Amino acid sequence: MNPALATLIERGFVQQCSNIEGLSDLMDKEPVTFYVGVDPTGPSLHIGHMVPFFAFRHMCNAGNIGIALLGGGTARIGDPSGKTEMRKILSYEDIDANAELFSAQIDKFVSFDGKYRFPDNNKNWLANLNYIEFLRDIGKHFSVNRMLTFEAYKQRLETGLSFIEFNYQLLQSYDFLQLYKRYGCRLQIGGDDQWGNIVAGIDLIRRIEGVEAFALTFPLVQTSDGKKMGKTEKGALFLNPEMVSPYDFFQYWRNVTDADVERFLLMFTFLSADECRKIAKGNINEAKEKLAYEVTAIIHGHEEAEKALAGAKAAFSGGGDKNAMPSVKLQLDRFEKGYPVLDLFVDAGLADSKSEARRLVQQGGAYVADKVWNDEKLSVGKDSLTEDNELILKAGKKRLVRVVVC
RNA sequence: GGAGAGAUUCCCGAGUGGUCAAAGGGGGCAGACUGUAAAUCUGUUGGCUAAGCCUUCGAAGGUUCAAAUCCUUCUCUCUCCA
């Protein structure tokens, strides 16, 4: 087995491959050009997008050539795979803006060099396609009968599938063909929900070019309790630090289920496989801390990871660095007059409404300076502040904020 | 184009004139137990100047003492036929 491929398998990346021996032989012979596609459907990548890019880096480290394909064209259509209903149609401007943001995030992660790792955008060849020509050249190779047997469509046959989405597969196949023609791209990697689309591309390349291309898919990452990976109560775990702070990002990994630690270390860090296994077998809480630190460092840099770690220490085990805790600024005169607790919790961002704050207090989940505050009518006065005019508020055991008074 | 069905709170889904801020489940939040884990159990889950008041059942009008529920128009979705 080719060593790069073996690494992917060992680290749990491989779900399905169209022809693993063939691919291994090819990779032994020469550097392989491969691609990962992402449709820029939102303002930031989230962790679910990242699995293929971790694999991307492993592949590139082994000397292969990777293309990050932004779906500036396909996002105009919307991939029905794995969706139960049609995605809302985005405006071209939004898609292009998203594509810029995605591209920058990917660049940060894989460091494009223009030669071995570079981006492209499928709107370059999709945006101005001629419909008739496309149907004659490409459409004739697709059998509707066969397409209907694909799992992705079967499901949607129940709930409804529009023609626009039904065409998505042709476009993705066409992408693969274009990348083969332009760069000699022979391999497409992606999440397992892309299997049908990728295989369709392989067929198209075989029919038109008479060349074997390959598919390699990764498991859709789920937490071991069956939830979708990276979903938090606030939504997806985005990479953009303004959407999910490095501290919250760190906390997500710190709170992963025991059973996921080893798997996640292997997939979302670049520590050696042996080391990952060793860490996961050791003290489970230290392993989680290591996982959280490593992933945060990879995504947000070591400095942010250090800060998140220090903040977590300050919040949970004393010591650490309280400057690194999430904090808000509030006015001193409010405390001088007596800050109504409910307002205080809302202003500190620990409750969305006063009713929520009230519930928190009534249920004994509101902590002011480490003491349970159980009277919703009382105000928090200046005397609750520390000598350097600070105050720690907690909502429940885990959500907390450092109030800095000024 | 024709014939039907439907739109309910974060999601699924009950409710067909007052007892409805709206059953049940999921999810979320809090508490207990713990290890910042899982599982389990309990409570809670529109807002507010809070024993009261205000806003919510696709949208706009109407009937009524009273509407998520009835009527009219509109918008959207789905199914079947062409």
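Within every chain, numbering begins at 1; the chains are lettered A, B, ... in the order of the sequence lines, protein sequences first and strands thereafter. Please read these numbers as outputs of a predicted model, since none were measured by experiment.
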Can you tell me the pairing partner of [N] across any strand shown, Watson-Crick or G-U wobble, with both distances under 3.5 angstrom?
{"N": "B/G1", "result": "B/C81"}
{"N": "B/U44", "result": "B/G28"}
{"N": "B/A67", "result": "none"}
{"N": "B/A14", "result": "none"}
{"N": "B/C74", "result": "B/G58"}

Salt-bridge test for [X] and [Y]: reply yes if a basic N is under 4.0 Å from a carboxylate O, no otherwise.
{"X": "A/R206", "Y": "A/E212", "result": "no"}
{"X": "A/D258", "Y": "A/K288", "result": "yes"}
{"X": "A/D203", "Y": "A/R146", "result": "yes"}

If I pick the [atom1] atom on [M] and the same atom on [N], what distance separates them, to the nearest angstrom?
{"N": "B/A67", "M": "B/U19", "atom1": "P", "value": "10 Å"}
{"N": "B/A39", "M": "B/A66", "atom1": "C1'", "value": "49 Å"}
{"N": "B/U72", "M": "B/G28", "atom1": "P", "value": "43 Å"}
{"N": "B/C53", "M": "B/A37", "atom1": "C1'", "value": "44 Å"}
{"N": "B/C76", "M": "B/G27", "atom1": "P", "value": "35 Å"}
{"N": "B/C65", "M": "B/A3", "atom1": "P", "value": "36 Å"}
{"N": "B/C70", "M": "B/C57", "atom1": "P", "value": "15 Å"}

Mind checking [X] for me? I need base, sugar-phosphate or nothing, with any heavy atom below 4.0 Å counting as a touch.
{"X": "A/S355", "result": "base"}
{"X": "A/R359", "result": "sugar-phosphate"}
{"X": "A/Q251", "result": "base"}
{"X": "A/Y367", "result": "sugar-phosphate"}

Rounded to whole angstroms, how far apart are [atom1] on [X] and [atom2] on [N]?
{"X": "A/L400", "N": "B/U36", "atom1": "CG", "atom2": "C1'", "value": "11 Å"}
{"X": "A/D352", "N": "B/C10", "atom1": "CG", "atom2": "C1'", "value": "12 Å"}
{"X": "A/R399", "N": "B/G31", "atom1": "CZ", "atom2": "P", "value": "10 Å"}
{"X": "A/F264", "N": "B/A37", "atom1": "CZ", "atom2": "C1'", "value": "13 Å"}
{"X": "A/R254", "N": "B/A37", "atom1": "CZ", "atom2": "P", "value": "8 Å"}
{"X": "A/E262", "N": "B/A37", "atom1": "CD", "atom2": "C1'", "value": "16 Å"}
{"X": "A/W253", "N": "B/A37", "atom1": "CH2", "atom2": "P", "value": "17 Å"}
{"X": "A/D258", "N": "B/A37", "atom1": "CG", "atom2": "P", "value": "10 Å"}

Is the centre of the [X] ring less than 6.0 Å from the centre of the [Y] ring?
{"X": "A/W253", "Y": "A/F264", "answer": "yes"}
{"X": "A/H49", "Y": "A/F102", "answer": "yes"}
{"X": "A/Y174", "Y": "A/F134", "answer": "yes"}

Listing, residues 54-67 of chain A side-chain donor-acceptor contacts under 3.5 Å, not counting sequence neighbours, or none:
| residue | atom | partner | partner atom | Å |
| --- | --- | --- | --- | --- |
| A/R57 | NH1 | A/F109 | O | 3.0 |
| A/N61 | ND2 | A/R57 | O | 3.2 |
| A/N64 | OD1 | A/V32 | N | 2.9 |
| A/N64 | ND2 | A/M59 | O | 3.1 |

| message | Tell me whether the side-chain N or O atoms of A/Q363 pair up with the base of B/G31 as donor and acceptor below 3.5 Å, since no angle test is needed here. | response | no
| query | Checking side chain to side chain contact (heavy atoms under 4.5 Å, CB included) against A/L378, which of A/V380, A/N374, A/D375 comes through? | reply |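 Exactly one option meets the side chain to side chain contact (heavy atoms under 4.5 Å, CB included) with A/L378, and it is A/D375.
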| request: Write down the atom of A/A213, the atom of A/S18, and the distance for their closest heavy-atom approach. | output: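 The pair with the smallest heavy-atom distance is O-OG, 4.2 Å.
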| field | RNA chain B: 5'-proximal contact among A/A395 and A/E356 (nearest heavy atom) | value | A/A395
| said: Both A/K397 and A/L342 contact RNA chain B. Which one's nearest nucleotide lies toward the 5' end? | reply: A/K397
| task | Give, ordered by number, those residues of residues 284-316 of chain A having at least one heavy-atom distance below 4.0 Å to an atom of RNA chain B; if nothing qualifies, reply none. | result |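 Residues of residues 284-316 of chain A under 4.0 Å from RNA chain B: A/I284, A/N285, A/K288, A/A312, A/F316.
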